[in-house]
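Proteins get letters first, then strands, A, B, ... in listed order; numbering begins at 1 in each. Treat the numbers as computed from the prediction; the structure is a model and nothing was measured.
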Amino acid sequence: MHSGGRLWRCRWHRDGRRLDRRRGRPRLSCGARPEFRRPGQRATVRGPMRLSQILISTLRDDPADAEIPSHKLLARAGLIVKTAAGVYTFAPLMWRVVKKFAQIVRDELDAEGANEVMLPIIQPKELWQQSGRWDRYVRDGIMFTLKDRKGSDMCLGPTHEEVMTAYVNAQVNSYKQMPVNCYQIQDKFRDEIRPRFGLMRGREFLMMDAYSFDADQAGLDVAYQKMRAAYCRIFERCGLQYTVVQADSGAIGGAGSEEFMVIADSGEDSILYCQDSGYAANVEKATSVLPVAPAGGEPRPMQKIATPGVKTVAQLEAFFPGWVAGRMAKTVLYHVTWKDKEKVVAVMMRGDLEINEVKLANAVDALAVRLATDEEIKAATGADTGFAGPVGLRDDVPLLADESLKDRTNLLVGCNETGFHCLDVNLGRDCRMPSWKELRLARAGEGCPVSGKPLQQARGIEVGHIFKLGTKYSKAMQATFMDQGGKPTPFVMGCYGIGVSRTPAAAVEQNFDDKGIVWPPAIAPFECVVAMLDGKREEQQALAEKLYGELRSAGVDVCLDDRAMSPGAKFKDNELLGFPVQVFVGRKAAEGQVEFLVRRGMQKSECAAGEVRARVLAALGR
RNA sequence: CGGGCCGUAGCGCAGUUUGGUAGCGCGACUGGUUUGGGACCAGUAGGUCGGAGGUUCAAAUCCUCUCGGCCCGACCA
């Protein structure tokens, strides 16, 4: 399919001027003026400021493959163009957005003393073997790998712990050189199972990744808090509604971690939170107050009952009136993979609750867990799927149980025989005592672990993630420094990521209406557009140019829409593109009147030319 | 990885059931008329129907294979 368009196609401008192909860029009708901007004030990006000189191609229809608002709008506005599944070209205006966001990130990280560096995308296998991640990432298919002409294995960096650790290890030899925090803003590559939602889950994407190196845990705690504070400032400056949640540290590994979530219906992550206590956590990590279930009473003798065809908790409730799910224990068989072995294990959970596979993987320190197949279940239990249980379970199948089953009596369980279940089972008496773990999936409505009030659920887009890695990578890679006592000591590390291309998409997800994008001013491609509605009328052109110049010298990131389009088309186009403040110079130009639009809320009003500057500044909150 | 659906002009789609001259809207280009909510008239260009093989007098259409894309699911016993 060529929905991405013919890439070689000669481009034309809206106003009919053809690109000068020899020079490879548009002929300029007039030179761009130099910009005057005090550094460090606001994130601004230089470039041509006349829309007639900027490649813009908006579409009338949503692209067929877009599902969520940000993807539809970014594609329809021509801001992103798909090159391959999960791989996008950023149009000039979108690149301005990304650069502005990146600049905000830089400002805030630099303010905390972080160093920007640039690490290679192409990385050698050896580095990844040192940390032990090569096999895992290759097996999980996350990583793009390639061979060079000598046959050496390389990969396209999905993340940069290894390279950064190796780099800092080579440069830092003494505790006196710390703390150190280095970051980069760089393309990352992950061969996602299912790229989707435009920039949200791509296979190539821009990411800021920072790594802190400290001599001890206390140093890491300080570094972590600094980064946390910087992250808050970054997302606040972008005007995003976000929340910080406790998270599982996942494939990266390490101890504590928090995620920065932009709240949006289309978010891929589910979070549980409590407004009373401020508790917020990714569902993978969340805990809750254990819901009550009826007690089992004094232990009774176990009995085995024929239950032909009854395989699920719901079916058992129907089959045994009076036995509620809370008095059952389901036994789910998982195929677990460790670094050096794989095995099927049995996991017990109270019948009315669910297993959290992330917690399971962590509890058994596994690389991966998945539900066992029907064949694996048959092999491990001797029974068909639906009848697994602790009673009579083969000794070589490890038995785990969630703490919700601790001290529970007279349970209803499977007994590894097709067509039978057991009643009044007491763990440790009728079967092995399982090893107890916390494996339960917390759910909305259950009590907040802090306040006890019901937990609320929301969807979130993960735009940032901070981890306390500790010595996981430095130990594995033997990255050490000399401590005060002259002993080689592994670095205590933190790592911190921000989705630099994802965040602007998340911003759109939170800021749009039926007319198009409503960019937050801090990352809008331009803060303001001055549009002449009929460029052939001299008074319009002159007034537009004048206002454009005034706004520029007032420090506004403004562009001049001098494209030759009909007025209606120009309104629609600018609304779709979403510039926060829009000034239209039209038929009342001769009287010194223009039209003033604040994109958010679409408030439109007439305005004297002399007041434009003040009103634009006010609308931008200056 | 499993299931479903889709590949026809730059974009959005019809045509496939029942084989018979490749279509529509938008966009693009030329000329003209327009100029306040994606203008109008006239004309023009643009497609080996994702690819390969097969069946047939004849294939976008039927068959086989293949490549690409999209969606859903990824299992609670």
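Remark: P of B:C76 and CZ of A:R443 are 13 Å apart, rounded to the nearest angstrom. If you take CZ of A:R196 and P of B:C71, they are 8 Å apart, rounded to a whole angstrom. Distance, A:L441 CG to B:C75 P: 12 Å, rounded to whole Å. In this structure, A:I355 atom CD1 and B:C75 atom C1' are separated by 12 Å, rounded to whole Å. The distance from atom CD of A:E192 to atom P of B:C1 is 16 Å, rounded to the nearest whole Å. If you take CD of A:E268 and P of B:C71, they are 11 Å apart, rounded to a whole angstrom.
If A:T385 and A:L576 are placed on RNA chain B by their nearest nucleotide, the residue sitting closer to the 5' end is A:L576. For the pair A:D374 and A:E67, nearest-nucleotide mapping onto RNA chain B gives the more 5' position to A:E67.
Among the nucleotides B:C76, B:G38, B:C13, the one closest to the side chain of A:A569 is B:G38. Closest to the side chain of A:A64, out of B:G12, B:G36, B:G38, is B:G12.
Here the closest non-hydrogen pair linking A:S266 and A:I461 is OG-CD1, 4.3 Å.
A donor-acceptor contact shorter than 3.5 Å links the side chain of A:R190 to the backbone of A:P158.
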